[in-house]
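Since this is a predicted model, take the numbers as computed values, not measurements. FYI, side chains are in, hydrogens and waters are out, and symmetry mates aren't considered; it's all heavy atoms of this structure. In this chain, residues are counted from 1 in sequence order.
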Amino acid sequence: MSNRVCIKRGLLTLMGVKFMGRLEHPTRFSMYVRSKTTSAQYVASRFRDPTFEKLMDNYKNLVKVISIQDLILANPKNPSVSIDFLSKLSQKLHLNRGATAFLCKFPHIFHIHYDHSKLKPFCRLTDAALGVTRQEAVAINASLPVVVERLVRILSMSASRMVPLRAVFKVWKELGLPDDFEDSVISANSGVFQLCDGHEQNTHLLKLVDGVSSNGIRAAVEDWRVVECCKEDCSVDRMEMQFSFKHGYPPGMRLSKNFKAKVKEWQRLPYVGPYEVPREKKSKAGMMAMEKRAVSIVHEFLSLTVEKMVEVEKISQFRKWFRIDLNIRDLFLDHPGIFYLSTKGKRHTVFLREAYERGCLIEPNPVYDARRRLLDLVVLGRRGLPAVNSKLEDSSSCDEARQEENQQRHDLSPS
């Protein structure tokens, strides 16, 4: 190799250019430039999994349905809400074509009726939707002991054994907590949980009571390792398995030899578990161990959720308390075999890949089953209506509601 080529290779290496393979000719070489990318560009360049993307297409509407459902159930004496009120919230609820058009898309969930006494159209839940809400409420009440354990585990992952109460409020549905969890879970278990004032005004911290031990807690990934090692056809070395995570990739995703080698090296890397106190090291090996611990914390957090999924913005509320000094969104993208990040519905949602198969949880729970029933009603849309009369009645109610909504828009528009 000539001196000129060596100098050229050195200069390009400093500029961020990496060579692949040998230089067959001084003027011909293959390379790629890894330029600095923003987080948005990194997200956009990820490999898309069609199964999770299809699931999130339906979840986009489910999130809006749940928001309207919560507004209807907020008044237990008269569980209904006026179309006028929903129309004013259309922009906040992301109902692009208006409240009425959205409600009419899901007649199995919402029923629009005209109240002649108030001279306004109202919306209430159908019997099928009310049945789903009752099923979910029963499942949540029956799982209160499990919920207590989940909160203990989350607090145990914090080095100070405490997290802000507002962060728990962000994920109360994801954790399967009841609406009144401050009373039914926290206050009812005063020997386990304690609320104390935070450093900021009107901020409370949820803390584990001194004396509550977390020594016997074992992470979900450790249970998986035990099961894998006990299999007769286990081809992985037991020594390698003690630090490994389960990886799975969607069909069509091509993995280079370099990527596979890096994953294998990362799997062997020792780390501190999510329930152990880390020792920060400034060395390169220490930083890699801290990254692996961050993966283990997020992996455990997702394992504790009902649907093994959570919005990135919500889990970021715990980042400081879990001592994660990395960009969590980039962490998900760096480990596509463990997590999947979706951007559907103007929100970033992360899934625990190993918990899903063909868009469904491999090991469902009663709360998930109830929410899945509501998702099935969302997917059903307008299909399967029982009779022609009900279709006519539903369409006439929608027409009246649309006329009312259009009239309101006309009155609000400037003359």
Legend entry - S67 (side chain) donor-acceptor with V63 (main chain) under 3.5 angstrom: yes
Legend entry - Parallel, tilted or perpendicular, as decided by the 30° and 60° cut-offs, for the rings of F301 and F318: tilted
Legend entry - With H247 via side chain to side chain donor-acceptor pair (under 3.5 Å) - residues at least two apart: Q267
Legend entry - side chain to side chain donor-acceptor pair (under 3.5 Å) partners for D70, two or more places apart: K173
Inset, instruction - May I ask you to establish whether R373 and Y368 are in a cation-pi arrangement, using a distance under 6.0 Å from NZ or CZ to the six-membered ring centre and at most 45° from the ring axis? - result: no
Inset, instruction - Heavy atoms only: give me the nearest S143-V367 pair and the separation to one decimal. - result: OG-CG2, 4.3 Å
Inset, instruction - Verify whether one side chain among R153 and Y275 offers a donor that lies under 3.5 Å from an acceptor in the other. - result: yes
Legend entry - N/O donor-acceptor pair under 3.5 Å between S187 side chain and E182 backbone: yes
Legend entry - Any donor-acceptor N/O pair, H108 side chain to T126 backbone, under 3.5 Å: no
Inset, instruction - Could you tell me how the ring of F52 sits relative to the ring of Y356: parallel (under 30°), tilted (30 to 60°) or perpendicular (over 60°)? - result: perpendicular
Inset, instruction - Could you tell me which residues satisfy side chain to side chain donor-acceptor pair (under 3.5 Å) with S45, sequence neighbours excluded, listed by chain and number? - result: none
Inset, instruction - Using modelled atom types only, decide if a donor and an acceptor are shared between the side chain of R225 and the backbone of Q242 within a distance under 3.5 Å. - result: yes
Inset, instruction - Could you tell me which residues satisfy side chain to side chain donor-acceptor pair (under 3.5 Å) with D223, sequence neighbours excluded, listed by chain and number? - result: R218
Inset, instruction - Please say which of R372, K308, M309 ends up in a side-chain contact (heavy atoms from CB on, under 4.5 Å) with L361. - result: K308
Legend entry - Parallel, tilted or perpendicular: rings of F339 and F332 (30°, 60°): perpendicular
Inset, instruction - Anything under 30° is parallel, anything over 60° is perpendicular, the rest tilted; go ahead and classify F351 against Y340. - result: tilted
Inset, instruction - Mind jotting down which residue pairs meet the salt bridge (Lys or Arg N to Asp or Glu O under 4.0 Å) criterion with at least one end in residues 127-141? Sequence neighbours excluded, please. - result: E136-R371
Inset, instruction - Kindly state each residue pair satisfying salt bridge (Lys or Arg N to Asp or Glu O under 4.0 Å) with at least one member in residues 105-116, sequence neighbours excluded. - result: none
Legend entry - Sidechain N-carboxylate O distance under 4.0 Å for E311, R347: yes
Legend entry - K118 (side chain) donor-acceptor with S82 (main chain) under 3.5 angstrom: no
Legend entry - Donor-acceptor pair, side chain of T305 and main chain of E174, under 3.5 angstrom: no
Inset, instruction - Taking R161 for its side chain and L208 for its backbone only, find out whether a donor-acceptor pair lies under 3.5 Å. - result: no
